[in-house]
Amino acid sequence: MIGAAALALVVAIVLMLVRALSGPTLYDRVLAVNSIGTKIVLLLGVLGFLMDRPDFLDISLLYALINFVATVAVLKFFRYRSFQVPLRRRTGGRR
Amino acid sequence: MLNFFGLIVVLSGLWLGLSGHYQPLIMWLGGLSVLLSAFLAVRLETLDRESAPFFGLPGILTYWVWLMIEIVKANWIVIKACLRAELDINPALVKVKTSCESDLARTTFANSITLTPGTVSVTLEGDKILVHALYEEEAQPEVFAEMDRRSKRAVDSRVTA
Amino acid sequence: MSATVSFLLDIKPVLGAFLCLAGAILAVVGTVGVLRFPDFYTRLHAASVTDTSALTLAILGMALMSPSWLVVFKLAAIWAFFFLTGPTSSHAVANAAHTAGLQPLIGAQARSGRGGRDHDGE
């Protein structure tokens with residue numbers, strides 16, 4: 001049954017890859033890649049249990065961290081065309 | 001100062017939970033890495049009352065439990081929308097006003113909106129949040145009023161106190 | 001009493017595997033939604049099904065199968081991390097699209113099957 005779960009996750013990733021390749025806008029692609037990252041984290045965990053090596057969870061934890069940073073970095077780059085912009089809010093607020 | 005020690009306690013707990021090796025040398029290295037992380041947090045000046053919310057953890061946890069129930073309900077609606085043969089979605093942009101005062105409470109509210117499937121917060125300006133909803137009838141202002149009230153009670157009273 | 005406990009211990013891995021499978025199927029459902037929905041903002045809603053319920057179910061299932069508490073802690077860490085950052089990245093994508101001028105389809109427009117309007121940001 002765990003094998004079936006892994007297989008279903010692979011199917012979901014392949015389907016999401018279709019959206020990542022065909023997405024009409026940049027944001028569809030970013031969304032698809034982010035979602036593929038979530039599924040890969042799950043797939044890594046499930047594979048770890050499938051092979052009786054739950055140490056895979058360390059890798060999936062790391063993948064989750066990198067996935068988030070990568071999404072924000074890609075969005076920031078396509079908004080400002082540079083990584084050298086402080087992300088601090090400019091208008092209003094108390095800072 | 002309390003936040004600093006709270007951060008050290010949380011980081012140490014995280015390290016102990018993730019490591020699983022408890023030899024003396026490894027423990028020393030772990031302690032060093034915890035101190036280094038805490039020092040970097042202080043240097044980045046990210047350690048204030050809002051970024052280290054160790055106060056009132058029970059309130060945040062009860063809010064979390066309530067939010068989980070809401071997420072399950074909203075999930076069911078979106079799953080049905082995904083699987084229905086005929087698309088019957090009715091997307092809309094809705095403006096929601098929040099009564100939360102602090103940045104942390106507003107972030108909690110906006111993130112809760114995003115976390116429940118079917119609604120996504122698009123922009124956040126001052127106390128107005130622009131929400132995109134999958135079904136217009138699921139995103140009336142009174143739906144968000146309770147979430148707003150609860151996140152205000154869970155976070156706001158503790159931050160400003 | 002002990003028979004009940006041993007029955008629960010027997011059924012725990014099976015239940016865990018079943019929950020994993022349910023989570024994976026929900027991931028497929030969310031992906032189908034992402035492929036079917038007409039414009040970017042509605043796809044975002046379908047993707048958030050994967051981010052919340054599929055993740056929660058799969059991680060609950062893995063926690064039921066796990067051999068030690070250390071593994072449960074790691075799973076809890078992954079879950080908490082996703083619930084803190086998932087909405088943040090969703091909001092980041094939505095906000096970036098809105099700032100770039102991507103207009104959402106509203107109401108019956110979305111059902112007529114026309115694709116989202118292109119924008120000049122790319």
Side-chain angles (χ1 to χ4, degrees), chain A residues 1-20 22-39 41-46 48-50 52 54-58 60-65 67-72 74-76 78-79, chain C residues 13-14 16-32 34-35 39-41 43-44 46-48 50-51 54-55 58-59 61-62 65-68 70-71 74-75 77-78 81-82 84-86 88-90 92-97 99-100 102 115-116 118-119 121-122:
Chain A
M1 199 126 82
I2 316 175
L7 202 66
L9 279 171
V10 171
V11 168
I13 289 173
V14 170
L15 286 177
M16 198 57 107
L17 213 52
V18 174
R19 176 53 72 199
S22 74
T25 67
L26 165 76
Y27 307 102
D28 288 295
R29 293 175 214 268
V30 174
L31 173 71
V33 168
N34 190 20
S35 192
I36 286 175
T38 310
K39 291 179 182 66
V41 168
L42 289 183
L43 183 63
L44 277 171
V46 169
F49 280 97
L50 198 61
D52 256 340
D55 308 327
F56 272 36
L57 283 176
D58 289 327
S60 61
L61 184 59
L62 205 62
Y63 201 98
L65 297 166
N67 188 31
F68 172 62
V69 175
T71 305
V72 174
V74 166
L75 286 172
K76 182 182 176 184
F78 279 99
R79 187 149 165 188
Chain C
V14 181
F18 181 75
L19 281 180
C20 269
L21 185 59
I25 288 174
L26 275 188
V28 177
V29 169
T31 310
V32 169
V34 170
L35 285 177
D39 84 321
F40 163 72
Y41 293 94
R43 281 172 205 147
L44 207 55
S48 73
T50 317
D51 271 356
L55 184 90
I59 279 189
M62 284 190 245
M65 285 191 291
S66 64
S68 70
L70 208 67
V71 174
K74 277 175 197 165
L75 287 167
I78 293 177
F81 183 78
F82 259 105
L84 290 178
T85 60
T88 312
S89 46
S90 291
V93 184
N95 194 13
T99 312
L102 187 68
D118 280 337
H119 69 111
E122 255 180 295

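Chain naming here is simple, since letters A, B, ... match the order of the sequence lines and numbering starts at 1 in each.
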Examine whether an atom of [X] lies under 4.5 Å from a heavy atom of chain C, and if so say whether it belongs to the side chain, the backbone or both; otherwise answer neither.
{"X": "A:Arg79", "answer": "side chain"}
{"X": "A:Leu75", "answer": "side chain"}
{"X": "A:Val46", "answer": "both"}
{"X": "A:Leu65", "answer": "both"}
{"X": "A:Asn34", "answer": "side chain"}
{"X": "A:Val74", "answer": "neither"}
{"X": "A:Thr38", "answer": "both"}

Minimum heavy-atom separation for [X] to [Y], with atom names?
{"X": "A:Tyr27", "Y": "C:Ala96", "result": "OH-O, 3.6 Å"}
{"X": "C:Thr31", "Y": "A:Ala12", "result": "CG2-O, 3.5 Å"}
{"X": "A:Ala5", "Y": "C:Leu21", "result": "N-CD1, 3.5 Å"}
{"X": "C:Ala24", "Y": "A:Ala8", "result": "CB-CB, 3.7 Å"}
{"X": "A:Leu42", "Y": "C:Met62", "result": "O-CE, 3.9 Å"}

Mind ranking [options] by heavy-atom pairs under 4.5 Å with chain C and telling me who comes out on top?
{"options": "A:Leu9, A:Asp28, A:Val18, A:Val41", "value": "A:Asp28"}
{"options": "A:Val11, A:Ile13, A:Leu15, A:Thr71", "value": "A:Leu15"}
{"options": "A:Leu7, A:Leu43, A:Asp58", "value": "A:Asp58"}

Nearest 0.5 Å please: distance from the [atom1] atom of [X] over to the [atom2] atom of [Y].
{"X": "C:Asp51", "Y": "A:Lys39", "atom1": "CG", "atom2": "NZ", "value": "8.0 Å"}
{"X": "C:Arg43", "Y": "A:Leu31", "atom1": "CZ", "atom2": "CG", "value": "8.5 Å"}
{"X": "A:Asn67", "Y": "C:Phe81", "atom1": "CG", "atom2": "CZ", "value": "8.5 Å"}
{"X": "C:Phe18", "Y": "A:Ile2", "atom1": "CZ", "atom2": "CD1", "value": "14.0 Å"}

Quick one: which of C:Val14, C:Leu75, C:Thr50, C:Leu35 has the most heavy-atom pairs under 4.5 Å with chain A, could you say?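 Going by pairs under 4.5 Å, I would pick C:Leu35.
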
Pick from C:Ile59, C:Leu44, C:Asn95, C:Val29 with the largest number of heavy-atom pairs that fall under 4.5 Å of chain A: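 Winner by heavy-atom pair count: C:Leu44.
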
Heavy-atom check, side chain of A:Ser35 versus side chain of C:Val34, under 4.5 Å: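 Not in contact.
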
Are C:Val71 and A:Phe49 close enough, and set up right, to give a side chain to side chain contact (heavy atoms under 4.5 Å, CB included), and what steps lead you there? CA-CA 11 Å; C:Val71 174; A:Phe49 280 97; 3.9 Å; yes

Please state whether the side chain, the backbone, both or neither of C:Thr99 comes within less than 4.5 Å of a heavy atom of chain A.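 For C:Thr99, the side chain is the part near chain A, not the backbone.
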
